[in-house]
Amino acid sequence: MDPLVLKRLNVERHARRAAVLVTDLGDGRDQLVREGDKITGELGAAIEQVFKSGKSGTIEADGRSYFLNAHLPPPRLMIIGAVHICQSLVPMAKQVGFDLTIVDPRGAFATEERFPDTQLYADWPEDVLADHPLDAYSALVAITHDPKIDDLPLKAALDAGCFYIGALGSRKTHAKRVERLAAMGVSQNAIEEIRAPIGLNIGASNPAEIAVAIMAEIIDAFRSRGLSKSGGVHQGGKAA
Amino acid sequence: MSSVSKAEEISGDPLLIAENWIEAGKDVAIATVVETWGSAPRPTGSHLVIDGEGNFEGSVSGGCVEGAVVSEAMDVLSEGKPRLLEFGVADETAWRVGLSCGGKIKVYVERLG
């Protein structure tokens, strides 16, 4: 591999831009293709497919054998609410490989002591979102239980097409949330994208267990994104 | 100036580690899973990076064939020519190095630079 190609690939990955590394398995030459670059022929069509599916693979094109390595941005998780559940969720999300951002305007919650070595903002979500916009590779978890803090980032996540959006609260709490979001102009279809009550139904009964239920639901959403939403694990009840 | 921060290196990203190694003047080989069949433990696209002293980071299997890949990488570093390795239960070498999960993988090993 050309070290310059590796360097450019790492720059793309760092900037959260999708890229495909194309290696000719015959002569070992490699080429970095960014999303939107025009490549013609069978190879171009195969590369386009890899950008869509995110699945790396070996292909035959134009009489040659190529390995196409998909480098899609790593999933990012923004947690609104530096609460007890968040303290359990953070180490898990780090292990799984998510880029993490925690936001809570309440300074008593958002402290270094509670969240060491984590990107933490004791600011209102709207201020943080201005500098850290959400995207399709982002998940948003709103767990402050306070509409003043949770509602706006939930709407922002729906607008950005986040692959996972979850909100803490009982069915009753969520029903009120649905009314408020509708009043903010969010469509019923969009509101249904919100996972509430949050987390897979594993009978979670304390903050750490609820964090496991949320993390599992996020992984499921990430691994099945773009696939049919019918069936699957969301048919059952929810955890919290 | 490298795009690689210390924190990212600590996170164990093989491609960032490879970039750091080459900038530090080391010989570096990159091994990549290019095909899998059956219950392969690491998905296609996974990397193992190896330096000239046999230090390695990342993985191409559940620890079953890394030793064999590292020793092949030493040859690739000295010869400069890439190699396509195949491991599977039907293969005697693979059995010896222990890919006992029933999977089969192809690993491409190349020199960086």
Side-chain angles (χ1 to χ4, degrees), chain A residues 1-32 46 49-51 53-60 64-74 91 93-100 116-119 222-223, chain B residues 1-37 40 42-50 58 60 73 76-77 79-86 104-113:
Chain A
M1 188 192 285
D2 180 347
L4 273 176
V5 170
L6 175 65
K7 203 178 171 81
R8 283 175 52 218
L9 172 62
N10 282 340
V11 167
E12 294 303 307
R13 293 165 68 224
H14 185 76
R16 291 182 63 81
R17 287 190 294 259
V20 172
L21 182 69
V22 181
T23 304
D24 185 324
L25 292 177
D27 61 16
R29 288 208 291 193
D30 37 51
Q31 182 190 1
L32 187 69
Q49 195 51 44
V50 168
F51 272 116
S53 69
K55 289 208 166 70
S56 306
T58 302
I59 58 127
E60 303 292 325
R64 301 189 71 86
S65 187
Y66 295 97
F67 179 62
L68 308 182
N69 207 351
H71 292 277
L72 303 190
K94 281 184 179 170
Q95 282 275 313
V96 174
F98 279 71
D99 290 345
L100 269 179
D117 306 318
T118 307
Q119 196 176 39
F222 183 64
R223 292 300 168 194
Chain B
M1 174 70 195
S2 161
S3 62
V4 181
S5 74
K6 200 73 195 160
E8 282 169 323
E9 187 181 352
I10 293 164
S11 79
D13 183 318
L15 292 183
L16 293 178
I17 291 166
E19 187 181 336
N20 274 2
W21 280 353
I22 203 90
E23 284 184 0
K26 294 184 179 187
D27 284 339
V28 183
I30 298 182
T32 309
V33 178
V34 294
E35 269 185 85
T36 66
W37 296 265
R42 295 284 288 131
T44 306
S46 303
H47 292 293
L48 177 73
V49 298
I50 307 105
V60 290
V76 168
L77 282 178
E79 291 166 17
K81 249 177 75 81
R83 288 186 185 182
L84 192 55
L85 314 174
E86 201 174 322
K104 193 166 132 188
I105 58 173
K106 261 190 199 173
V107 179
Y108 185 73
V109 187
E110 62 190 315
R111 188 190 159 96
L112 184 60

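Letters A, B, ... are given to chains in the order of the sequence lines, protein chains preceding strands, and every chain is numbered from 1.
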Sort [X] into side chain, backbone, both or neither according to what part of it lies under 4.5 angstrom from a heavy atom of chain A.
X: B:Val33; value: backbone
X: B:Thr36; value: neither
X: B:Ala18; value: both

Could you pull out the closest heavy-atom pair between [X] and [Y], with the gap in Å?
X: B:Tyr108; Y: A:Asp24; value: OH-O, 4.0 Å
X: A:Leu6; Y: B:Glu19; value: CD2-N, 3.8 Å
X: A:Gly28; Y: B:Pro82; value: CA-CG, 4.4 Å
X: A:His71; Y: B:His47; value: CE1-NE2, 4.3 Å

Open item on the list: Rounded to the nearest 0.5 Å, what separates atom CZ in A:Arg13 from atom CG in B:Asp13?
Closed with: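 Output value for this atom pair is 4.0 Å.
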
- [ ] Could you tell me the separation between the CG atom of A:Leu21 and the OG1 atom of B:Thr32, rounded to the nearest 0.5 Å?
- [x]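 So the gap between those two atoms works out to 8.0 Å.
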
Non-hydrogen atoms of chain B under 4.5 Å away: do they reach the side chain of [X], the backbone, both or neither?
X: A:Asp30; value: side chain
X: A:Leu25; value: both
X: A:Asn69; value: side chain

Open item on the list: A side-chain contact here means heavy atoms from C-beta on lying under 4.5 Å apart; do A:Lys7 and B:Ile22 qualify?
Closed with: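 Result no, sub-4.5 Å side-chain heavy-atom pair not found.
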
- [ ] Using a 4.5 Å cut-off on heavy atoms from C-beta on, say whether the side chain of B:Lys106 contacts that of A:Thr58.
- [x]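 They are not in contact (no side-chain heavy atoms under 4.5 Å apart), so the answer is no.
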
TODO: Would you sort out whether B:Leu16 and A:His14 count as a side-chain contact (heavy atoms from CB on, under 4.5 Å), showing the intermediate values?
DONE: CA-CA 10 Å; B:Leu16 293 178; A:His14 185 76; over 6 Å; no

- [ ] Give the member of B:Leu112, B:Thr44, B:Leu84 that has the highest number of heavy-atom pairs under 4.5 Å with chain A.
- [x]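 Option with the greatest count: B:Leu112.
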
Task: Within 6.0 angstrom of A:Arg29 CZ, more than 12 heavy atoms from elsewhere - done: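 Atom CZ in A:Arg29 is not packed in, count stays at 12 or less.
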
Task: A:Asp27, CG: over 12 other non-hydrogen atoms inside 6.0 angstrom - done: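 Enclosed.
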
